[in-house]
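Below, chain A is the first sequence line, B the second, and so on; all start at residue 1.
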Amino acid sequence: MRRLEILNNKMSYPEYKQPLNYGQVGTDILAWWKQNSIFEKSVSSREGQPTFVFYEGPPSANGAPGIHHVMARTVKDIFCRYQTLLGKQVPRKGGWDTHGLPIELQVEKELGITKEDIGKKISIEEYNQRCRETVMRFKAQWDDLTEKMGYWVDLDDPYITFEPEYIESCWALLKKLYDKGFLYKGYTIQPYSPAAGTGLSSHELNQPGTYRDVMDTTVVAQFKVVRDAASEKLFAADDAAPLHILAWTTTPWTLPANTGLAVGKNIPYVLVRTFNPYTGAPVRVVLAEALVGKYFTEKGKEASSEDFKPGDKVLPWRIENTFKGADLVGIKYERLFGHATGFPVFENEENAFRVIVGDFVTTEDGTGIVHISPTFGADDFRVAQQNGIPALMVADDEGKLSPIVDRTGRYVAQMGEFGGRWVKNYDGHDQSGADYKTLDESIAIRMKGDGTAFKVEKYEHTYPHCWRTDKPVLYYPLDSWFIKTTAVKDRLIELNKTINWQPASTGTGRFGNWLENLVDWNLSRSRYWGTPLPIWRTQDGTEEICIGSIEQMKQEIDKAVTAEIMTHNPYANGEKVDLHRPYVDDIFLVSPSGQPMYREPDLIDVWFDSGAMPYAQWHYPLENSEKFHKNFPADFIAEGVDQTRGWFFTLHALAVMLEDSVAYKNVMANGLVLDKNGNKMSKRLGNAVDPFATIAQYGPDATRWYMIANAQPWDNLKFDLNGITEVQRRFFGTLFNTYSFYALYANLDGFQATETARVPHHELSELDRWILSKLQSLIKEVRGHYDAYDPTKAARASRIS
RNA sequence: GGGCUUGUAGCUCAGGUGGUUAGAGCGCUACACUGAUAAUGUAGAGGUCCCUGGUUCGAGUCCAGGCAGGCCCA
């Protein structure tokens, strides 16, 4: 061993005739570390010292590691080693993320099946077994890279998210949230195919051919403003003429579900005095200034309103007033389809029909004011929720609240004259008759008569279609389980301000803004390979139980057996428990009133798994309470910036909800590793850099030094192998040459530096004192940079130049 | 469409709170050394500080608006 030679040779400094082989140096050092358990000792020898807590964000081993993983892990390693050198004990438990959609999709691709085939062509049991095998396929490669790049982390005792203990911890945490009232069943707006009767994933929506050009009837609707204190400023004091807000929609069938109008806060709007083109009645309308030209002509500006007769092509118009969107907020308006004409009353109606701000409002098309129907649009739903605008829901036959369209794509019976009409042609009925009207057309005709339509026209636009049925997709509320993160929003924001983000802008900007606009965390995934939701419910949904441990589940099974809902307890004799589907689906429990309870079929979002790692890695809260508390929160975590809404968020959210604490005190969000031209690396483009080949050729030291010294980790790195060559020559080469120079002359003079036999300070030459002073200054500077979590400045300060 | 981010020499990057002639390393050119030699030393050439406006006595730096690239989200 070269290193041992160096350490043992007390007589002289080795002189190298050959230039260094950096790959070989890496291999030698690794072997020496391994042989002498250096990493283990770096932790065990500091027993009793203060700990520096580090969390390893679990990678997924279902793909080969790339060069960007070397980047992320270099950052992690640097700070853990720095803290170790400062004398702290830094345990580093590895982990594996094993659940989730990417693994499922990979398995489906390999088996040549789709989601619909699961449970038919292949049993859930077999399918999940395949996922389990697939997910760790590249583990050996990952371990190899970890070792070769010199990343110190404990790979012998990692946490694995599919293990029963890990899932059990997740269940225990879910139950804690449940008991605090943070878990509830609600709905979100998701793409839904009425003809297929199923929700569509974003993945399915991104299939080629789903977006098609269609010709739809569009309506610019007039919403009549209620004259009160909020709207008084719009009315001229002495003018009682009605005032309307204009909003455009390509889906007129959603207008009866309208409960709000959204404006852009800073968009300029105008009040225009004109006439309704269908009724000829004088009106005053509000729309965005930028879109006036879309509805009014130059001719109309000069036309006299006294000469106007109903039916005239040219609408005379005058701008009466100008204001910002913010001025309109809070104004109330009358419902378009009211009770008086047979439309249903709904809950919380007094809070509906208001103008609010929507961050998605533009003046690209329409009127610059967006009609909001919270049951049929994701943006609508979100902005309505944030502003306390209710959704228009009606009771179905069983008394359950549902939207005005049923799951087959038809208006519910309560919809007055339109009750039972198909929203789109989902049943394939005959549309050829001369008198045939679509629902959109019928609604537009009625609105023209009511004087609530300002403009009706056909419009061609692209709209997503179901890839299986070719029918247009409906954005529709679907049941989901949620964690009520909005309940602790203020606390999330407050505690986030105590976290040291590197770079700071990610914490205040990307993450901070995300928290400001927080919506509840949608936990539900209609999938197979993941942590099942531990909630059992009676058929009518009135009774439910959240299971927090295997022990509790067994007890509940016993109760169910006694109540003859289950024939026997499959775990009565200490059989191994697997908490995955389909096993948990075969467990039926009994409610306090004696009803059978069925498991809610959803899985939970995999991000819950990784966000739960501070607890679940120790099987806490079921055991290891002391260990957990000693290792919470983390002093430091690091991951790619793409994790901001992933791991960084779920860690934070769970810590705040469960422990009222941050999960991490310092966090570094590193950027991407791009190719040397600044393009994203991908296997398809063939510009991906192989980390193994790179490390073998250039050695781990030069590779890591290059990555850290070249650009700050949070900036994107344009990865160029020539840059590593430069680092080798410029930094490591110079270091090597400096040493060789020293060794040559030290050996000639028989000079020997030792720890103890030092020349006293006052006998040192001025030059020697200068260089020592320089060294001390450098140490101080480098430490300052490390303490500020800025490894690039630390590296550049140490650079020989 | 929104949030964040980047744009300075051929390349990779520095340039608190505005202030002379805008810097470093690599690369390039020339010279020196030839017992640090797949090195080393010295010197040099090389810039529309992305664009347009504004604030100011003065803008790479501050403000506004664009353009281009990147990430995340709709």
Side-chain angles (χ1 to χ4, degrees), chain A residues 13 15-22 68 188-191 202 205-206 262 264-267 357-366 368 370 377-383 464 475 501 503-519 639-649 669-681 705-748 788 790 792-793 795-801:
Chain A
Y13 297 95
E15 293 173 36
Y16 298 96
K17 298 298 176 203
Q18 295 297 319
L20 282 182
N21 176 334
Y22 295 95
H68 54 291
T188 54
I189 309 304
Q190 294 166 31
S202 54
L205 222 52
N206 283 329
K265 195 164 57 178
N266 297 316
I267 295 176
V357 168
D359 53 15
F360 48 83
V361 179
T362 68
T363 54
E364 294 273 305
D365 45 27
V370 175
D379 275 336
D380 309 41
F381 176 73
R382 177 173 54 84
V383 77
Y475 288 88
W501 281 85
S505 61
T506 300
T508 54
R510 191 180 284 207
F511 196 67
N513 289 339
W514 162 249
L515 292 180
E516 294 287 347
N517 295 309
L518 197 66
V519 293
E639 219 64 48
V641 67
D642 53 337
Q643 294 294 320
T644 307
R645 288 171 184 198
W647 196 50
F648 294 155
F649 173 68
N670 58 266
L672 301 175
V673 180
L674 308 169
D675 79 359
K676 63 179 173 182
N677 299 317
N679 298 313
K680 200 173 171 177
M681 284 190 191
W705 184 274
Y706 164 70
M707 294 185 116
I708 296 302
N710 190 64
Q712 283 173 313
W714 45 88
D715 287 333
N716 291 345
L717 172 67
K718 286 187 214 163
F719 190 89
D720 187 355
L721 290 172
N722 291 325
I724 310 184
T725 312
E726 184 183 324
V727 161
Q728 269 186 354
R729 292 213 340 275
R730 196 62 206 160
F731 180 71
F732 290 94
T734 310
L735 193 63
F736 173 70
N737 284 322
T738 306
Y739 166 78
S740 297
F741 185 72
Y742 168 79
L744 180 66
Y745 290 102
N747 288 338
L748 275 176
D790 193 334
T792 304
K793 282 191 174 157
R796 287 178 182 175
S798 322
R799 192 157 53 184
I800 308 156
S801 55

Using residues 718-725 of chain A as the side-chain source, report each donor-acceptor pair under 3.5 Å to any protein atom, sequence neighbours left out, with the distance given to one decimal.
from, atom 1, to, atom 2, distance (Å)
A:Asp720, OD1, A:Asn722, N, 3.1
A:Thr725, OG1, A:Leu721, O, 3.3

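- The closest donor-acceptor contact from the side chain of A:Arg382 to the backbone of A:Leu518 lies at 3.5 Å or more, if one exists at all.
- With P as the reference atom, B:U8 and B:G15 are 14 Å apart, rounded to whole Å.
- Across every strand in view, B:C57 sits in a pair with B:G19 that passes the Watson-Crick or G-U test at under 3.5 angstrom.
- When the ring pair (Phe, Tyr, Trp, His ring centres under 6.0 Å) test is applied to A:Tyr475, no partner is found at least two apart in sequence or on another chain.
- Taking every heavy atom of both residues into account, A:Val383 and A:Gly358 meet most closely at CG2-CA, 4.0 Å.
- Using a 4.5 Å heavy-atom cutoff, the side chains of A:Val727 and A:Phe732 are in contact.
- Going from atom CD of A:Gln728 over to atom P of B:A38 covers 15 Å, rounded to whole Å.
- The same atom, C1', is picked in B:G58 and in B:C67; the two are 27 Å apart, to the nearest Å.
- Shown here, B:C31 forms a base pair with B:G41; the pair counts as Watson-Crick or G-U wobble because both key distances fall under 3.5 Å.
- Looking at which nucleotide of RNA chain B each of A:Asn513 and A:Gly733 is closest to, the 5′-most match is held by A:Asn513.
- Both A:Val361 and A:Ala711 lie close to RNA chain B; mapped to their nearest nucleotides by heavy-atom distance, the more 5′-ward contact belongs to A:Val361.
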Could you go through residues 503-513 of chain A and list every donor-acceptor pair under 3.5 Å that involves a side-chain atom there, pairing it with any protein atom two or more places apart or in another chain?
from, atom 1, to, atom 2, distance (Å)
A:Thr508, OG1, A:Ala504, O, 3.3
A:Asn513, ND2, A:Gly509, O, 3.2

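- Checking B:A9 for Watson-Crick or G-U wobble geometry (two distances, each under 3.5 Å) identifies no partner in any strand.
- With hydrogens and angles disregarded, a donor-acceptor distance shorter than 3.5 Å links the side chain of A:Thr792 to the backbone of A:Ile708.
- Comparing B:C33 with B:G41, their P atoms are spaced 16 Å from each other, to the whole Å.
- Distance CZ (A:Phe731) to P (B:C13): 19 Å, rounded to an integer number of Å.
- B:U42 and B:U55 have their P atoms separated by 48 Å, with the value rounded to a whole Å.
- Under the 4.5 Å side-chain criterion, counting only non-hydrogen atoms from C-beta, A:Phe648 is in contact with A:Trp501.
- With C1' as the reference atom, B:A14 and B:C26 are 15 Å apart, rounded to whole Å.
- Remark: the separation of the P atoms in B:A30 and B:U52 is 37 Å, to the nearest Å.
- Straight-line distance from the CD atom of A:Gln712 to the P atom of B:A14: 6 Å, rounded to whole Å.
- Pairing partner, B:U48: none, since no Watson-Crick or wobble contact has both distances short of 3.5 Å.
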Letter by letter from the 5' end, nucleotides 61-74 of chain B scores (B base, S sugar-phosphate only, - none; protein heavy atoms under 4.0 Å) ---------SBSSS
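- Comparing the same atom, C1', in B:C49 and in B:A24 gives a spacing of 16 Å after rounding to whole Å.
- To the nearest angstrom, C1' of B:G3 lies 16 Å from CZ of A:Phe649.
- At a threshold of 4.5 Å between non-hydrogen side-chain atoms, the residues A:Asp790 and A:Gln712 count as touching.
- The CD atom of A:Glu726 sits 7 Å away from the P atom of B:C26 (whole-angstrom rounding).
- Remark: P of B:U40 and CZ of A:Phe736 are 13 Å apart, rounded to the nearest angstrom.
- B:C4 and B:G16 have their P atoms separated by 22 Å, with the value rounded to a whole Å.
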Set out, line by line, the N/O atom pairs under 3.5 Å between protein and nucleotides 5-7 of chain B.
none

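- B:U40 atom P lies 13 Å from atom CG of A:Leu735, rounded to whole Å.
- Residues passing the side chain to side chain donor-acceptor pair (under 3.5 Å) test with A:Asp675 are A:Asn687, sequence neighbours excluded.
- If you measure from atom CG of A:Leu515 to atom P of B:G2, you get 21 Å, rounded to the nearest angstrom.
- Checking side-chain atoms of A:Asn716 against main-chain N and O of A:Gly671 turns up no donor-acceptor pair under 3.5 Å.
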